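First comes the structure, then the notes that go with it.
FYI, the numbering just counts along the sequence from 1. Because the structure is a prediction, the values reported are computed rather than measured.
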Amino acid sequence: MNRPSVIEFPQETLRPYKQNEGGCLDCGGTLQSSMSGLCDTRFGIEGNYEVRCCVSCGLEQIFPIPNSGELQKLYEEHYNFGGEKGTFYSRMRDVFLASFWYRLWMRLDGDASFHGRKGRGRLLDIGCNEGRSMKIFARNGFKVTGLELSERAASVARASGLTVQTGDLEDYEPAALYDVAVLSNVLEHALAPKQMLQDAARVLKPGGEIWISCPNGKSWQRSLFKGAWINWHLPFHISHFSAELLDRWLGSAGCYRVTTRQISPAAWLASSLLVSAFFRRGKPTRELRSPILFPLTTIIGKLLLFPFLYLANRLGRGDCLVVVAKKV
Ligand SMILES: [Zn+2]
């Protein structure tokens, strides 16, 4: 299952909180409710949320957005990097990620993390966590730097020989510009996603690429699973995007879209299925972490629903947007 890379808000990086009570998080436009009665379905966190859509710019955002202190607490409680290293699970995961079977799975299921892209040049992994993807990017030919908010995760990455800067992208001034900036399942966590895209473009050379993956706000699975759609991920996913909105934002960041692909990761489908079956309000859905039930649901879901997933992707209703854009 995909995990957010941004896992902590160190005190020094806290920004004044920009609530959307007065309107759209990005443009200040009027918000209209597009879905209500939503709550966290993973950890058992209390609270009711709505998703509201800006009538001016089309950005969907949750309401209310917790203040930055509450978010920090929630990230520390539920996403704090545990420094897991050398356990049976982490060793098996590393073996799988380096194997032929993972490359085959990416070909069959799609590549939401850009692990299959080979190339050269300098790559910045924004929200790199403990550097799991960085190792794969380096193996694929790139000269990799990570950017991470959490000192703790960054120090684990550095201990395995990786180059990691800590701090906010907004404040990051690289010594040399990059060929690639990666935003893999990060943008939807940001309190200022448009600014994040602009900053990603700022650290690129002309002709450099931004690689973005995020949940698709127009996903069919969202309509199918309603409140059980795994990508609501309240209150951590602040915003939801369409391919068209990302194109507009990329244009205003001085970039143009090269490709947009839609994929529907089977692990995301399995998560929505397990939440539909097992979620009880106020309780964590432990089945999402089951070492047997989760992979089994992923494989069976993929085998049985393959035609539906394929069709959804082709019709613009896939579960994940995978965008490559180039800086002018
Ligand atoms: Zn707006």
Side-chain angles (χ1 to χ4, degrees), residues 1-29 31-54 59-83 126-127 129-130 147-154 166-171 183 185-196 199 214-215 217 227-241 271 275 279-286 288-289:
M1 190 188 334
N2 271 53
R3 305 271 175 86
S5 304
V6 180
I7 57 170
E8 282 182 10
F9 289 87
Q11 203 60 42
E12 65 275 16
T13 65
L14 288 180
R15 295 265 178 277
Y17 168 54
K18 192 177 170 186
Q19 292 206 45
N20 59 349
E21 276 178 347
C24 172
L25 189 64
D26 179 54
C27 74
L31 297 175
Q32 280 183 348
S33 179
S34 43
M35 192 140 182
S36 58
L38 298 171
C39 62
D40 162 53
T41 56
R42 298 193 193 194
F43 305 116
I45 300 165
E46 292 294 336
N48 291 307
Y49 296 89
E50 275 184 36
V51 172
R52 294 183 174 183
C53 184
C54 173
L59 176 66
E60 283 193 302
Q61 52 214 273
I62 62 166
F63 182 89
I65 298 175
N67 68 39
S68 53
E70 286 167 338
L71 275 175
Q72 180 181 7
K73 194 163 165 278
L74 287 166
Y75 271 95
E76 280 172 1
E77 205 168 317
H78 299 287
Y79 278 106
N80 205 11
F81 173 64
I126 298 163
N129 206 343
E130 85 281 22
L147 185 66
E148 175 53 50
L149 282 172
S150 162
E151 274 294 348
R152 194 169 166 208
T166 42
D168 201 310
L169 178 63
E170 200 178 333
D171 304 319
L183 285 167
N185 294 290
V186 167
L187 208 55
E188 64 274 21
H189 290 259
L191 285 168
K194 190 178 179 184
Q195 181 65 46
M196 185 176 251
D199 284 312
C214 61
W229 186 44
I230 199 67
N231 283 313
W232 291 130
H233 193 13
L234 293 151
F236 300 98
H237 285 185
I238 307 286
S239 302
H240 293 274
F241 315 100
S271 302
V275 167
F279 168 66
R280 298 289 173 271
R281 199 180 169 93
K283 297 211 160 51
T285 308
R286 297 191 196 286
L288 290 171
R289 298 290 175 99

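- Here Ile238 contributes atom CD1 and Ile62 contributes atom CD1; the two are 4.5 Å apart, rounded to the nearest 0.5 Å.
- Across all their heavy atoms, Gly227 and Met35 have their closest contact at N-CE, 3.8 Å.
- For the residue pair Gly23 and Gln61, the shortest heavy atom distance occurs at O-OE1, 4.3 Å.
- Looking at heavy atoms from C-beta onward, Leu234 lies out of side-chain contact with Cys39 at the 4.5 angstrom threshold.
- Annotation: side chain of Ile126 is not in contact with side chain of Asp199 (no heavy-atom distance under 4.5 Å).
- Taking each heavy atom of Asp168 and Leu147 in turn, the nearest pair found is C-CD2, 4.4 Å.
- One finds the CG atom of Leu38 at 13.5 Å from the CZ atom of Phe63 (value rounded to the nearest 0.5 Å).
- Two residues are said to be in side-chain contact when any heavy atoms from C-beta on lie closer than 4.5 Å; Leu74 and Phe236 meet this criterion.
- The aromatic rings of His189 and Tyr75 are tilted relative to each other, their planes meeting at an angle between 30° and 60°.
- To the nearest 0.5 Å, atoms CD1 (Ile65) and OH (Tyr49) are separated by 10.0 Å.
- Between Ile45 and Glu77, the closest side-chain pair of non-hydrogen atoms is not below 4.5 Å.
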Check your understanding: Can you list the steps and then say if Val51 with Trp232 is a side-chain contact (heavy atoms from CB on, under 4.5 Å)?
Key -> CA-CA 9 Å; Val51 172; Trp232 291 130; 3.4 Å; yes

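- Residues forming a salt bridge (Lys or Arg N to Asp or Glu O under 4.0 Å) with Glu60 (at least two apart in sequence, or on another chain): Arg222.
- With contacts defined as side-chain heavy-atom distances shorter than 4.5 Å, the pair Leu25/Ser239 qualifies.
- To the nearest 0.5 Å, atoms CZ (Arg286) and CZ (Arg280) are separated by 13.5 Å.
- One distance of note links NZ of Lys283 with CG of Asp40; it measures 13.5 Å at 0.5 Å rounding.
- Atom CD in Glu188 sits 8.5 Å away from atom NE2 in His233 (nearest 0.5 Å).
- The shortest heavy-atom contact between Ala154 and Thr166 is CB-CG2, 3.4 Å.
- Partners of Glu70 under the salt bridge (Lys or Arg N to Asp or Glu O under 4.0 Å) rule, at least two apart in sequence or in another chain, do not exist in this structure.
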